[in-house]
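Read the structure below first, then the notes.
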Amino acid sequence: YINEFIGAKRRGRFFLLYEVIFPIGLMCAGIAGYFLVPVYGWKAMFLVGLVPAVLMIPLRWWLTESPRWLAAKGRLEEAHSVVRDLERAAVSEGKTLAAPATSGIPPVAERRTDWRELFQGTYRTRTLTIWVIWFSTYLVINGMITWMPTLYRDFFKLPLQTSLLYGFITSACGVLASICCALLIDRVGRKRWYVAALVLGCVPLLGLVVLGIDTVTHVLVLVSIAYAILQTIAFSLYLYSAELYPTRLRALGTGCGSAWLRLGSSSGPLIVGFVVAGYGVRYVFAVFAGILLIGAVLTYLFAIETKGKTLEQLAP
């Protein structure tokens, strides 16, 4: 939805500065848990989660429809009205509008959404590649995050409040890394960033394999570094996924890709339990590093670069 409103030049920066609210939300959830769970129990967190859900009910009425979607449906006057309102708002703030420029891309006849198109032509490779990135990133990142409180409490015998504090520290590292990613991704590029982050994310995990988990400090520092690096991928995948598909497929392609987020997130804890029971704690980090390396190789081979290109250039 946001991608369809933003121009190509600073699309990544604008989108991701908005998306930073996601890791900030995770960090705030950690703060709430730190203060509420020891006193009121875990059920209090569900009441906290109810607040934004209620706020969304009136806020949704402020949203306007995507002009690209309206144009694709032949509702040109409505699309023009949305764009005209945006232009008026910019002018009223003292901004100077650039002269309209034609894309040079011939118009495509309206086509209905067909899920099979995700696996046809150029979109087949894009679909399978983005699924790999979604799955591998979230398998590792959620596998670590859901397991760490248990590791802190059961292995290092830390009190509950200290375990929650360490979780907050890890989330805060993710917020700082996400802001850096938002400011830099339009310069670096999506593909280059993802390949580098998947490879660099392996380094602290392999460090835990080599060093072992002899001290809680080693674990906290290295896991926080790995989480921060991988969080830059996790929170920006909605940006990248939406750039890979045309308007008729954008919501479907992004939704199917993010479904692999759920599968990866649920697989992570299962893998942790299996590896810990059969091989020991340190080998969990080795498995996670191996998954990231596979993701890095496939991303390098098959992902495309999208920075600086209009959505119509990327996906006609």
Side-chain angles (χ1 to χ4, degrees), residues 1-28 51-108 110 113 175-190 193 232 235-255 258 305-316:
Y1 176 78
I2 294 175
N3 269 12
E4 295 193 2
F5 278 88
I6 309 304
K9 186 176 180 181
R10 296 182 179 176
R11 184 172 57 237
R13 180 175 181 175
F14 184 97
F15 184 99
L16 295 186
L17 284 175
Y18 145 77
E19 189 77 357
V20 165
I21 202 67
F22 175 73
I24 289 177
L26 291 177
M27 184 178 67
C28 290
V51 174
V54 172
L55 289 175
M56 278 301 300
I57 296 174
L59 290 178
R60 67 178 298 273
W61 298 109
W62 293 0
L63 297 176
T64 57
E65 188 53 82
S66 159
R68 278 187 164 94
W69 183 86
L70 290 170
K73 296 298 180 182
R75 295 158 61 178
L76 300 181
E77 184 54 40
E78 292 178 70
H80 178 61
S81 177
V82 173
V83 175
R84 185 172 57 237
D85 289 343
L86 292 172
E87 291 175 337
R88 286 174 178 170
V91 171
S92 67
E93 295 174 2
K95 296 180 173 64
T96 302
L97 299 179
T102 57
S103 66
I105 301 172
V108 178
E110 181 183 350
T113 300
V175 171
L176 295 176
S178 297
I179 294 173
C180 292
C181 175
L183 297 175
L184 296 174
I185 198 165
D186 278 329
R187 295 183 181 181
V188 177
R190 284 59 153 164
W193 188 286
T232 65
F235 98 116
S236 63
L237 278 175
Y238 283 105
L239 163 72
Y240 186 58
S241 297
E243 293 174 327
L244 299 178
Y245 300 102
T247 300
R248 65 183 179 275
L249 290 174
R250 186 162 290 120
L252 178 63
T254 304
S258 65
E305 186 51 69
T306 60
K307 74 168 184 175
K309 299 178 182 178
T310 66
L311 298 181
E312 288 72 23
Q313 287 175 314
L314 290 168

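Just so it is clear, the structure is predicted and the values come from calculations on it, not from any experiment. In this chain, numbering begins with 1 at the start of the sequence shown.
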Determine whether a donor-acceptor pair (N or O, by modelled atom type, separation under 3.5 Å) exists between the side chain of Ser236 and the backbone of Leu239. no
**Prompt:** Taking atom OH of Tyr18 as the centre, does the number of heavy atoms from other residues, nucleotides or ligands within less than 6.0 Å exceed 12?
**Reply:** no
Would a distance-only check, ignoring hydrogens and angles, find a side-chain to backbone donor-acceptor pair under 3.5 Å from Ser258 to Gly255? yes
Is the backbone of Glu4 close enough, under 3.5 Å, to the side chain of Arg68 for a donor and an acceptor to pair up by distance? yes
One should read off an interatomic distance between Trp193 CH2 and Tyr240 OH, to the nearest 0.5 angstrom, of 15.0 Å
Could you check whether any side-chain N or O of Ser81 sits under 3.5 Å from a backbone N or O of Glu77, counting only pairs where one atom can act as donor and the other as acceptor?
no
Is there a donor-acceptor pair under 3.5 Å between the side chain of Lys307 and the backbone N or O of Ile185? no
task = Determine, stepwise, if the pair Leu244 / Thr254 fulfils side-chain contact (heavy atoms from CB on, under 4.5 Å).
result = CA-CA 9 Å; Leu244 299 178; Thr254 304; over 6 Å; no
d(His80 NE2, Asp85 CG) to nearest 0.5 Å is 9.5 Å
Nearest heavy-atom contact between Lys309 and Arg11 is O-NH2, 2.8 Å
Between Leu16 and Cys181 the two heavy atoms that sit nearest each other are CD1-SG, 4.0 Å
### Message
Taking Ala89's backbone N and O only, do any of them form a donor-acceptor pair with Ser92's side chain (distance below 3.5 Å, no angle check)?
### Response
yes
Between Pro23 and Val175 the two heavy atoms that sit nearest each other are O-CG2, 3.3 Å
CZ of Arg84: more than 12 outside heavy atoms within 6.0 angstrom?
-> yes
Between Tyr245 and Arg250 the two heavy atoms that sit nearest each other are O-NH2, 2.6 Å
Heavy-atom nearest pair, Ala182 first then Val20, reads CB-CG2, 4.4 Å
So does Arg190 get a backbone contact from the side chain of Glu305, meaning a donor-acceptor N/O pair under 3.5 Å?
yes
Note: Trp69 and Thr247 closest approach over all heavy atoms is CA-CG2, 3.8 Å
Heavy-atom neighbours of Phe14 CZ exceed 12 at 6.0 Å: no
